[in-house]
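Step one of this worksheet: look at the structure below.
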Amino acid sequence: MENQQEIATPDNITSDKVRSQALKVGTTKWLAHTALFTSIALLMKVIGQIGTLSNNFKITPIYTVWLLAAASLGPVGGATVCFTSDLLIALIFPAGVFNPFITIVWTLYGLTAGLLFKYFPVKSYTVKLVVAGAISAVLFTFILDSLAIWGWCKYYLNLKSYFGNGKNAIFGVYMLTRLFQLVVALANIPVAVALLPVLNRLKLLPPLTKKYKKSEEKLCPISL
């Protein structure tokens with residue numbers, strides 16, 4: 001007489017709710033990690049101030065921290081870290097007139113990087129971070145940051161066009177000089193990728209697990 005017993009193996013145990021390693025927004029642990037990333041970002045900002053070669057060229061590791069914060073804390077956490085660290089460094093180490101548009105740009109940097117890392121449809125932390133870092137660097141470090149500074153100059157200098165003679169040529173010239181900062185931002189990406197295993201060991205990254213459909217949930221029958 002044969003009886004069948006249903007035994008669930010590790011490969012076919014599934015759940016509608018996938019347990020995530022990612023921190024939940026608003027929890028005490030999430031707030032603690034947000035504060036930690038913000039503190040590290042402030043330190044990197046200070047290093048960036050020391051490594052300032054010109055108004056448009058800073059050797060800074062801040063992008064590494066921002067990318068890792070976005071990967072670990074998600075879009076809300078990434079935006080919070082970018083906003084807080086940029087605002088505090090402007091208050092602690094003011095360099096000229098505070099430009100709120102730049103702070104908005106960096107906040108969007110963290111938000112966008114977090115969204116790309118979370119939703120880009122690949123099962124690879126490395127690919128996710130490279131895509132998030134590259135798109136964020138081009139869109140925010142190069143394009144929107146340049147536009148934010150140009151807009152602030154226009155407000156104070158009363159510029160009338162993007163390109164032209166004298167003061168009106170600032171935007172075009174600035175876009176060219178911002179290419180150096182774009183290189184710095186892109187150079188931060190491999191550093192951030194190299195640190196991904198550390199975040200993974202600390203269980204601070206969302207899991208790369210597959211969600212099975214209910215039709216695929218099967219139990220292995222074994223004859224006894």
Side-chain angles (χ1 to χ4, degrees), residues 21-23 30-54 56-90 92-93 95 102-120 122 124-146 148 178-206 208:
Q21 299 172 2
L23 300 174
W30 181 87
L31 292 172
H33 283 81
T34 301
L36 177 61
F37 273 109
T38 301
S39 300
I40 299 174
L42 282 173
L43 178 60
M44 297 302 104
K45 275 280 192 179
V46 172
I47 294 175
Q49 295 292 334
I50 298 173
T52 300
L53 303 181
S54 69
N56 303 319
F57 188 29
K58 291 183 179 180
I59 300 177
T60 173
I62 187 62
Y63 304 105
T64 296
V65 182
W66 283 348
L67 286 175
L68 293 178
S72 175
L73 303 172
V76 176
T80 301
V81 171
C82 290
F83 171 80
T84 306
S85 59
D86 188 74
L87 180 62
L88 288 178
I89 202 67
I92 298 172
F93 299 102
I102 294 180
T103 301
I104 293 173
V105 169
W106 294 138
T107 303
L108 293 175
Y109 178 103
L111 177 67
T112 303
L115 288 171
L116 288 169
F117 189 87
K118 184 176 182 179
Y119 294 111
F120 193 71
V122 294
S124 169
Y125 289 133
T126 299
V127 174
K128 284 175 173 287
L129 197 64
V130 168
V131 170
I135 292 178
S136 299
V138 174
L139 181 59
F140 298 103
T141 304
F142 182 53
I143 299 176
L144 291 184
D145 191 45
S146 299
R178 289 295 291 176
L179 284 171
F180 294 103
Q181 197 60 36
L182 175 60
V183 172
V184 173
L186 294 174
N188 274 251
I189 296 175
V191 180
V193 169
L195 293 173
L196 277 176
V198 177
L199 267 65
N200 196 31
R201 291 192 190 98
L202 295 174
K203 296 184 178 181
L204 293 178
L205 293 175
L208 295 174

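Positions are given from 1, in the same order as the sequence printed here.
Proximity of a side-chain donor or acceptor of Arg178 to a complementary backbone N or O of Thr141 within less than 3.5 Å is detected. Side-chain atoms of Ser72 never come within 3.5 Å of backbone atoms of Leu68 as a donor-acceptor pair (strictly under, hydrogens ignored).
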Please tabulate, for the side chains in residues 182-195, all donor-acceptor contacts under 3.5 angstrom to protein atoms that are two or more places apart in sequence or on a different chain.
from: Asn188; atom 1: OD1; to: Thr64; atom 2: N; distance (Å): 3.1
from: Asn188; atom 1: OD1; to: Thr64; atom 2: OG1; distance (Å): 2.8
from: Asn188; atom 1: ND2; to: Thr60; atom 2: O; distance (Å): 3.2
from: Asn188; atom 1: ND2; to: Val184; atom 2: O; distance (Å): 2.7

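Pairing each heavy atom of Gly77 with each of Trp30, the nearest pair is CA-CZ2, 3.5 Å. Closest heavy-atom contact between Phe117 and Ala132: N-CB, 4.2 Å. Scanning both residues, Ile62 and Lys45, for their nearest heavy atoms gives CD1-CG, 3.9 Å. Taking every heavy atom of both residues into account, Asp86 and Trp106 meet most closely at OD1-CD1, 3.2 Å. Listed here is the closest heavy atom pair of Lys128 and Lys118: NZ-O, 3.6 Å. Heavy atoms only, all atoms of each residue included: Leu67 and Ala113 are closest at CD2-CB, 4.1 Å.
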side-chain contact (heavy atoms from CB on, under 4.5 Å) between Leu108 and Leu111: does it pass, once the steps are laid out?
-> CA-CA 5 Å; Leu108 293 175; Leu111 177 67; 4.3 Å; yes
Step by step, would you call Asp145 with Phe140 a side-chain contact (heavy atoms from CB on, under 4.5 Å)?
-> CA-CA 6 Å; Asp145 191 45; Phe140 298 103; over 6 Å; no
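Rounding to the nearest 0.5 Å places CD1 of Ile135 at 8.5 Å from CG of Leu139. Summarising the geometry, atom CZ belonging to Phe142 is positioned 4.0 Å from atom CG belonging to Leu179; distances are rounded to the nearest 0.5 Å.
For the pair Thr80 and Leu73, the minimum side-chain heavy-atom distance is 4.5 Å or more.
Taking the six-membered ring for Trp and the full ring otherwise, Trp66 and Tyr109 have centroids separated by under 6.0 Å.
The side chain to side chain contact (heavy atoms under 4.5 Å, CB included) test with Ile40 singles out one residue from Leu36, Leu42, Leu43, Thr38, and that residue is Leu36.
For Ser136, there are no side chain to side chain donor-acceptor pair (under 3.5 Å) partners, not counting sequence neighbours.
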